[in-house]
Protein chains: 2
Amino acid sequence: MQDRSQTLSPMIDKLQLWRPLDPAEKRAILALPHKVEEARAHACLVREGEKPSHSCLLLEGFAFRHKVLVDGSRSISAIHMKGDIVDLQNALLGTADHSVETLTRATVAFIPREEMKRIAFEFPSVGLAMWYDTLVDGSIFREWIANIARRDAAARLAHLLCEFGLRLQAIGLGDRRSYQLPMTQEQLADATGLTSVHVNRTLMDLESRGLIARSKKAVTIADWKRMEDAAGFNEAYLHLRGQVSLSPP
Amino acid sequence: MQDRSQTLSPMIDKLQLWRPLDPAEKRAILALPHKVEEARAHACLVREGEKPSHSCLLLEGFAFRHKVLVDGSRSISAIHMKGDIVDLQNALLGTADHSVETLTRATVAFIPREEMKRIAFEFPSVGLAMWYDTLVDGSIFREWIANIARRDAAARLAHLLCEFGLRLQAIGLGDRRSYQLPMTQEQLADATGLTSVHVNRTLMDLESRGLIARSKKAVTIADWKRMEDAAGFNEAYLHLRGQVSLSPP
DNA sequence: CGAGCGTTTGATCGGTGTCAAGGATCGTGG
DNA sequence: CCACGATCCTTGACACCGATCAAACGCTCG
């Protein structure tokens with residue numbers, strides 16, 4: 001942040017979760033033209049139906065993707081954090097099929113879609129890493145489908161909390177067992193196919209079973225193994241290749 | 001099929017839904033090394049946890065991706081048909097995070113993963129089309145999340161039937177309003193987060209409301225517009241760019 | 001023709017939704 | 001620094017959609 005030339009470094013860190021990059025490739029990423037904006041909480045970054053000409057990269061803060069159905073109900077399909085290229089889909093596919101909104105105050109870099117295409121083919125390792133990134137996105141979607149389709153409310157929420165912790169830890173933003181969760185219970189409901197009332201009761205249930213502790217927005221997972229069991233959680237779908245499993249229990 | 005050199009042409013047709021390809025690019029696709037296999041119905045093409053070294057391309061027949069949860073319940077995350085590259089994810093990401101199984105007897109081409117990577121970067125238009133393809137996959141996953149999370153049983157099934165019809169039509173396999181549905185009610189249940197018993201009752205309900213007609217595996221949608229309304233269906237997420245909407249009502 | 005799978009049906013149960021109201025917390029402006 | 005309004009969280013009573021369990025029926029393909 002201090003050094004203007006390092007602004008896009010979270011993208012490098014994220015892509016290196018998937019593939020190593022050499023210095024020239026990193027320089028090419030840092031040299032991508034972009035404009036940085038500060039967004040307040042609950043700001044709309046992309047609106048369904050628009051034709052975004054830029055990809056947006058989250059440099060700081062959290063965001064989510066969602067759709068609003070005809071009856072007004074809402075479905076959240078992904079949560080995003082530092083380093084995530086939130087809008088590669090919409091930028092490449094033309095018309096946005098869903099909206100993107102900030103969860104918290106956030107810093108976002110907008111990169112022209114043509115530049116994203118260019119760097120992907122000029123530097124195949126970068127392209128492959130970006131492709132991996134979209135494939136891992138897909139893997140997470142599939143797990144969410146299974147989560148919503150086949151797990152009960154307690155397991156669904158436990159699963160979401162496990163995933164969030166692991167992903168935070170993978171990008172160096174803390175410990176999977178204790179973190180700030182920047183979501184309201186209504187947003188948790190929209191991400192799990194429940195109602196906010198039931199999310200409330202279920203969180204209290206998880207707490208009474210000693211699986212989690214809460215205070216304000218902070219969540220603590222008392223015993224990771226028990227939590228995984230309660231969630232039916234298996235981190236394989238995140239494709240984190242061992243970085244995470246090697247960290248202290 | 002008759003001409004050995006045209007075996008992979010369904011892949012060209014599929015990719016050209018997303019981007020036009022020039023003759024050299026088409027030739028490169030047709031020249032991809034591959035082996036063709038016939039698979040019987042209910043055959044397993046990829047098993048979760050394996051490390052597939054090949055992508056598999058569906059030349060004929062139908063398949064689906066699924067996960068089995070710890071309690072034995074099953075979640076189907078995608079249905080695939082002619083031209084779909086079913087296993088790009090697993091082949092590129094390393095370890096398969098889900099299984100792939102045939103729905104019907106099928107003809108499948110296996111292409112080495114290294115060849116898929118090579119062609120993607122040697123012919124950027126092909127690479128871009130493949131990337132689009134994975135992005136559209138992601139878009140469909142997001143719609144399924146919304147479908148399962150926020151629609152009731154009747155709308156969920158109606159939505160699945162609309163999608164199936166449109167996709168069949170897009171690859172020239174018939175009319176969106178009347179087709180053979182190669183799925184059992186139990187598979188429909190696993191694809192919609194319901195039980196087979198409830199799928200049965202709901203299909204009969206759709207039938208009694210005059211939205212669909214059934215006989216054996218054939219499904220007919222009486223009035224497309226009414227069906228879309230019942231499903232809350234909006235084809236935008238399929239990113240078919242007008243090919244479909246331009247067809248006769 | 002028989003076995004096996006898939007479909008249909010009925011009765012009952014339970015997990016989640018709905019509606020409504022009160023209480024806590026946060027952000028903002030004075 | 002406090003006051004106030006707006007969100008957000010919590011709680012209760014009740015309704016209902018879809019799950020469960022069990023059994024019979026009908027294809028379809030050896």
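Proteins get letters first, then strands, A, B, ... in listed order; numbering begins at 1 in each.
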Could you tell me the separation between the [atom1] atom of [X] and the [atom2] atom of [N], rounded to a whole number of Å?
X        : N      : atom1 : atom2 : answer
B/Asp205 : D/dC17 : CG    : C1'   : 12 Å
B/Arg214 : C/dT7  : CZ    : P     : 9 Å
A/Asp190 : D/dC8  : CG    : P     : 12 Å
A/Leu206 : D/dT10 : CG    : P     : 13 Å
A/Met204 : D/dC8  : CE    : C1'   : 14 Å

Protein-nucleic acid N or O pairs under 3.5 Å, nucleotides 1-6 of chain D:
none

Parallel, tilted or perpendicular: rings of [Y] and [X] (30°, 60°):
X        : Y        : answer
B/His66  : B/Phe64  : tilted
A/Phe233 : A/Trp224 : perpendicular
B/His54  : B/Phe110 : perpendicular

Test salt bridge (Lys or Arg N to Asp or Glu O under 4.0 Å) applied to A/Asp175 and A/Arg177, step by step: CA-CA 5 Å; A/Asp175 183 330; A/Arg177 290 161 313 170; 2.8 Å; yes
Are the side chains of B/Lys67 and B/Arg74 in contact, using a 4.5 Å heavy-atom criterion? no
Would one find a side-chain N or O of B/Lys217 under 4.0 angstrom from OP1 or OP2 of C/dT7? yes
Is the phosphate of D/dC9, meaning OP1 or OP2, less than 4.0 Å from a side-chain N or O of A/Asn200? no
Show me the protein contacts with nucleotides 23-29 of chain D, counting only N or O atoms at under 3.5 Å.
unit_1: D/dT28; atom_1: OP1; unit_2: B/Lys216; atom_2: NZ; d: 3.3
unit_1: D/dT28; atom_1: OP2; unit_2: B/Lys216; atom_2: NZ; d: 3.2

Main-chain N/O of A/Phe62 paired with A/Thr104 side-chain donor or acceptor, under 3.5 Å: yes
Letter per nucleotide, 5' to 3', of nucleotides 10-21 of chain C [B base touched, S only sugar-phosphate touched, - untouched; heavy atoms, 4.0 Å]: BB----BSBB--
Any salt bridge linking A/Asp97 with A/Arg65? Criterion: basic side-chain nitrogen under 4.0 Å from a carboxylate oxygen. no
